[in-house]
There are 2 protein chains.
Amino acid sequence: MKVQFKMKMNKRLYIRDPEDTELGRKILKQSIELIYKLGFESFTFKKLAEDIGSTEAGIYRYFENKHKLLIYITAWYFGWLTYQINYQTNNIKYPKDKLRKIIRLLTFPVEDDKQTSYIDEGLLHPVIVAEGSKAYLTKQVEKNNKQRFFQPYKDLCTLIGEVILECNPKYKYPISLASTIVEVAHFQNFFMHNLSSLTDFSKNDKVTEIVEFLNDLVFSSIDKD
Amino acid sequence: MKVQFKMKMNKRLYIRDPEDTELGRKILKQSIELIYKLGFESFTFKKLAEDIGSTEAGIYRYFENKHKLLIYITAWYFGWLTYQINYQTNNIKYPKDKLRKIIRLLTFPVEDDKQTSYIDEGLLHPVIVAEGSKAYLTKQVEKNNKQRFFQPYKDLCTLIGEVILECNPKYKYPISLASTIVEVAHFQNFFMHNLSSLTDFSKNDKVTEIVEFLNDLVFSSIDKD
DNA sequence: CTTTTATGATAGTTTTACTATTAAATATTA
DNA sequence: TAATATTTAATAGTAAAACTATCATAAAAG
């Protein structure tokens, strides 16, 4: 028996549940590829429709607009990452090792786990790195926040914050450090590939160096005194 | 005699130099206010033109498109900040005090210094916090980078990196730590105001807490061993 | 006083971001 | 298997965004 991984997504993010139908799953899969290829600004529902052999109006039956789709994708990413972290740190004894594992999971594009055939997690990671923050960097952030669109990001930070406190119960900024780990993992990745003089890393995809930088940063603060 | 502060901006960012004419300066001043008010996505040249009593075509004579204008504004911000840092840390003896000053300048909206009448730095800071990263999070980063559009950001990180090395010449990641300080100062600010459960800070504009978090983070890493 | 330069006024094009309608295909169920 | 929902494709259309082009006038410079 194959266990199918299915995330419960916030219903207000879509009009029709994209995971329920063939077209919906195609929308999810192809939108990630197309955003990866064109960037979010040049990505349109029309192009996506042409890509999957459907029509613009067809996509609009699933998502109100492309920004909601982006929020959906980032929510999916954070939900899936939280699941991965829980799963992969499950049998790790020491909280510090857990935190190291978390940092690695955030920095590397995670290997496709085949459980979710319709989403390519290897592509999802660079898409989130380059486009993820656009999901919340808008004037509708407050409204969207009230609708709990960013709950998966918060849940992830809560989880990481708990591990941080396990490492050092006296550490004063567990949540801020958690969101900092997430953001730094992502934008140092972006900088390394696109604006490498904003980092100390060679362009030769030395993602492990980002992990080392983050480990150094995080554990110095946590271990202090 | 009043010393007028004038930054030499990258010529490829504009079509006509906006600092040279009355209309150009109005474009700079009002675009910051309008982006602040509407967010970058809803900001258009047409609305800006109506705002300043000019025409859409009139704006296009200064900037090729709104993205170039955003890059211009962020470049201006980083250039101006570098100037402020040089000026305000000029007579500070210890590099650690310099670094503390830098962190404060990055986190707080700097008081308007009246030297640049046409740009309101108090508004500029929240605009950069919310919109600044959109200047480089695009598919044209590489092309824009080759045109040196992000040079002011790099110069700032170089400067901060040097101060970090003055604090600890053995520290391994001065540039990455520098860009991390910049980014963390900005997005923790954004989170505190808009997604406060991603931080440990109360919404009551306790920007000083961000400064404390950053000081803790930075100096733990630098001072280690 | 003439010529350059900057602006304003107007008009037009293409693309994006949608909404609406109808018909055909597919699945469900009676 | 016929009746009936449900889903999708095809088409059409609108409003606004993102530009480009032209021409007249006003102000500044030579």
Side-chain angles (χ1 to χ4, degrees), chain A residues 11-31 34-35 37-73 118 131 134-135 137-140 143-144, chain B residues 9 11-31 34-35 37-73 118 131 134-135 138-140 143-144:
Chain A
K11 283 192 164 64
R12 276 173 292 191
L13 279 175
Y14 52 77
I15 295 167
R16 176 165 303 170
D17 191 339
E19 301 198 83
D20 275 358
T21 66
E22 195 53 36
L23 179 61
R25 287 184 289 267
K26 265 195 211 166
I27 290 172
L28 292 181
K29 188 178 178 55
Q30 277 307 115
S31 64
L34 205 55
I35 291 171
K37 204 170 132 193
L38 305 176
F40 186 65
E41 282 71 32
S42 302
F43 165 84
T44 69
F45 277 3
K46 194 175 189 182
K47 291 171 187 169
L48 176 60
E50 277 160 21
D51 236 41
I52 60 185
S54 181
T55 59
E56 216 184 343
I59 319 282
Y60 276 107
R61 259 182 245 113
Y62 285 83
F63 290 99
E64 203 188 322
N65 53 52
K66 69 172 186 171
H67 189 247
K68 283 265 168 70
L69 173 57
L70 180 66
I71 300 180
Y72 184 100
I73 290 169
Y118 52 94
E131 320 288 355
K134 294 171 192 169
L137 289 177
T138 70
K139 276 284 158 186
Q140 312 95 56
K143 199 181 141 212
N144 290 341
Chain B
M9 298 292 293
K11 281 194 166 61
R12 276 173 292 192
L13 280 175
Y14 51 78
I15 295 167
R16 175 166 304 170
D17 191 338
E19 302 198 83
D20 275 358
T21 66
E22 195 53 37
L23 180 59
R25 287 184 291 266
K26 266 196 210 165
I27 289 172
L28 292 182
K29 186 177 180 56
Q30 278 306 116
S31 64
L34 205 55
I35 291 170
K37 204 170 131 193
L38 305 176
F40 187 65
E41 283 71 32
S42 302
F43 164 84
T44 70
F45 277 3
K46 195 175 188 182
K47 290 172 188 168
L48 176 61
E50 277 160 21
D51 236 40
I52 60 184
S54 181
T55 60
E56 214 184 343
I59 319 283
Y60 277 105
R61 267 186 228 111
Y62 283 84
F63 290 99
E64 202 188 322
N65 52 52
K66 70 172 185 170
H67 189 247
K68 283 264 169 70
L69 173 57
L70 180 65
I71 301 180
Y72 184 99
I73 290 170
Y118 53 94
E131 320 288 355
K134 294 171 193 169
T138 70
K139 275 286 158 187
Q140 311 95 55
K143 200 183 143 213
N144 291 341

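Every chain is numbered from 1 and lettered A, B, ... according to where its sequence line falls, protein lines coming before strand lines.
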Terminal helix-axis angle for the helix from dC1(C)-dG30(D) to dA30(C)-dT1(D), with five pairs defining each axis and rounding to 10 degrees: 20°

Partner set under ring pair (Phe, Tyr, Trp, His ring centres under 6.0 Å) for [X], not counting sequence neighbours:
{"X": "Y14(A)", "value": "none"}
{"X": "F63(B)", "value": "Y72(B)"}
{"X": "F45(B)", "value": "Y60(B)"}

Segment of DNA chain C, first to last nucleotide, that comes within the 4.0 Å heavy-atom reach of chain A: dT16(C) to dA20(C)

Trace of the side chain to side chain contact (heavy atoms under 4.5 Å, CB included) decision for L28(B) with Y62(B): CA-CA 10 Å; L28(B) 292 182; Y62(B) 283 84; over 6 Å; no

Heavy-atom pair with the smallest gap, counting every atom of L38(B) and K139(A): O-CG, 3.2 Å

Which atom of A135(B) lies closest to which atom of L70(B), heavy atoms considered: N-CD2, 3.8 Å

With K68(A) via salt bridge (Lys or Arg N to Asp or Glu O under 4.0 Å) - residues at least two apart: E64(A)

Check: I15(A) and R61(A) side chains under 4.5 Å, non-hydrogen atoms: no

Sequence neighbours excluded, every pair satisfying side chain to side chain donor-acceptor pair (under 3.5 Å) that has a member inside residues 42-56 of chain A: Q30(A)-D51(A)

Any donor-acceptor N/O pair, K66(B) side chain to E41(B) backbone, under 3.5 Å: yes

Nucleotide-resolved protein contact map, nucleotides 6-22 of chain D, B/S/- at heavy-atom distance under 4.0 Å: -SBB-B-----SBBBB-

